[in-house]
Engineer: 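Got a structure here, written out as structure tokens. Questions coming.
No experiment lies behind these values; they were computed from the predicted model shown.
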Amino acid sequence: FRRTGTKSFQGALEILGLSPCYHMHEALNAGVSHIDMWENVHRGINLTENLHKILKDFNSGCDDPIACYPGAMLAAYPNAKFVLNVRPVADWKRSVTTTILPASTTLLYLPSFIWPKGWRVYSWLQEILWGPTGQFEGRFHELAERKFEEHIERVNRVIPPEQLLIYHVGEGWEKLCEFLDIPIPEQPYPHSNESGTHWDSISNTVPGPMVQLVTIPGKLFAWFRGNQKQKRT
């Protein structure tokens, strides 16, 4: 699930030799062809065929859009192991509200008119996540906690227990490596993409001057929220 340590988890899987790992950044960098196939997956069209095409060059995956479709992923990869990353729901909602929600809705809306690929990205994210047909039915602030818990329940219901690990953000290597049957590496577990640095990673997705229209307001917003949090504590 987005904002549950998935960027760090991507790095962890790649350290463990399961590289390359597919993440939302890979979906966005791959271009319109991947967005077209993910739209088909969302609409229930040729699920396994599209997933195999999307992931044919990858050995693992995490984050959206993969996390949106646990049942389809199990059907396409029936012998795969699945990890459900979880964190306190209040922390998760706060993180989404200060990072990917503004980045993929309000702040992406203006560049989408002058960046050719932008409107496709914007409309796709609304379809699968933020809009009326998306996971949050166009009402993130109202439904966030319920949808978070429903996702956890759905994964537990769909994925066989012997193929599923419930992984709490911050647990490190031991539990993960035991589940994957991979030796614990000497490297420390990676930590990346904290809320304050999330906006830096967008520069790898949004081209040229367009990135400034998204990241500068986003960094200011994150700075303001960080200061407000410090004052409360």
Engineer: Counting distance only, does the side-chain N/O of Ser60 pair as donor-acceptor with the main-chain N or O of Leu18 below 3.5 Å?
Structural biologist: yes
Engineer: Using side-chain heavy atoms (C-beta onward) and a distance below 4.5 Å, is Leu165 in contact with Leu84?
Structural biologist: no
Engineer: Between Ile15 and Pro190, what is the shortest heavy-atom contact and its length?
Structural biologist: CD1-CD, 4.0 Å
Engineer: Of all heavy-atom pairs between Asn50 and Val41, which one has the smallest distance, and what is that distance?
Structural biologist: CB-CG2, 3.8 Å
Engineer: His52 and Tyr77: aromatic ring centres closer than 6.0 Å?
Structural biologist: yes
Engineer: Has Thr6 got a side-chain atom pairing as donor or acceptor with Cys62's backbone, closer than 3.5 angstrom?
Structural biologist: no
Engineer: Quick one: are Leu176 and Phe9 in side-chain contact, heavy atoms under 4.5 Å?
Structural biologist: yes
Engineer: To the closest 0.5 Å, what do you measure between CG (Leu47) and CE (Met73)?
Structural biologist: 11.0 Å
Engineer: Taking only residues at least two apart or on different chains, which pairs with a member in residues 156-174 satisfy side chain to side chain donor-acceptor pair (under 3.5 Å)?
Structural biologist: Glu171-Lys175
Engineer: Minimum heavy-atom separation for Leu16 to Pro185, with atom names?
Structural biologist: CD2-CD, 3.7 Å
Engineer: Give a yes or no answer on whether the side chain of Arg94 reaches the backbone of Val89 with a donor-acceptor pair at less than 3.5 Å.
Structural biologist: no
Engineer: Would you say Asn85's side chain and Thr4's backbone share a donor-acceptor pair under 3.5 angstrom?
Structural biologist: yes
Engineer: With rounding to the nearest 0.5 angstrom, report the CH2 to CE distance, Trp38 to Met24.
Structural biologist: 9.0 Å
Engineer: For the residue pair Cys21 and Phe58, what are the closest heavy atoms and their distance?
Structural biologist: C-CD2, 3.8 Å
Engineer: Check Val158 against Gly71 and note the closest heavy-atom contact, atom names and distance.
Structural biologist: CG1-CA, 3.6 Å
Engineer: Within 45° of the axis and under 6.0 Å from the centre of the six-membered ring of Phe148, does NZ or CZ of Lys93 qualify?
Structural biologist: no
Engineer: So, does Thr99 use its side chain to make a donor-acceptor pair with the main chain of Ser95 at under 3.5 Å?
Structural biologist: yes
Engineer: Out of curiosity, Ile184 CD1 to Ile182 CD1, how far, rounded to the nearest 0.5 Å?
Structural biologist: 11.5 Å
Engineer: Under 4.0 Å between a Lys/Arg side-chain N and an Asp/Glu carboxylate O for Arg146 and Glu150?
Structural biologist: yes
Engineer: Which heavy atom in Pro65 sits nearest to a heavy atom in Ile128, and how many Å separate them?
Structural biologist: CB-CD1, 4.2 Å
Engineer: Tyr22 vs His34 aromatic rings, parallel, tilted or perpendicular, using cut-offs 30° and 60°?
Structural biologist: parallel
Engineer: Taking the side chain as everything from C-beta on, heavy atoms only, tell me whether Pro88 gets closer than 4.5 Å to Val169.
Structural biologist: no
Engineer: For the CD atom on Glu137, are there more than 12 heavy atoms of other groups (residues, nucleotides or ligands in this structure) within a distance under 6.0 Å?
Structural biologist: yes
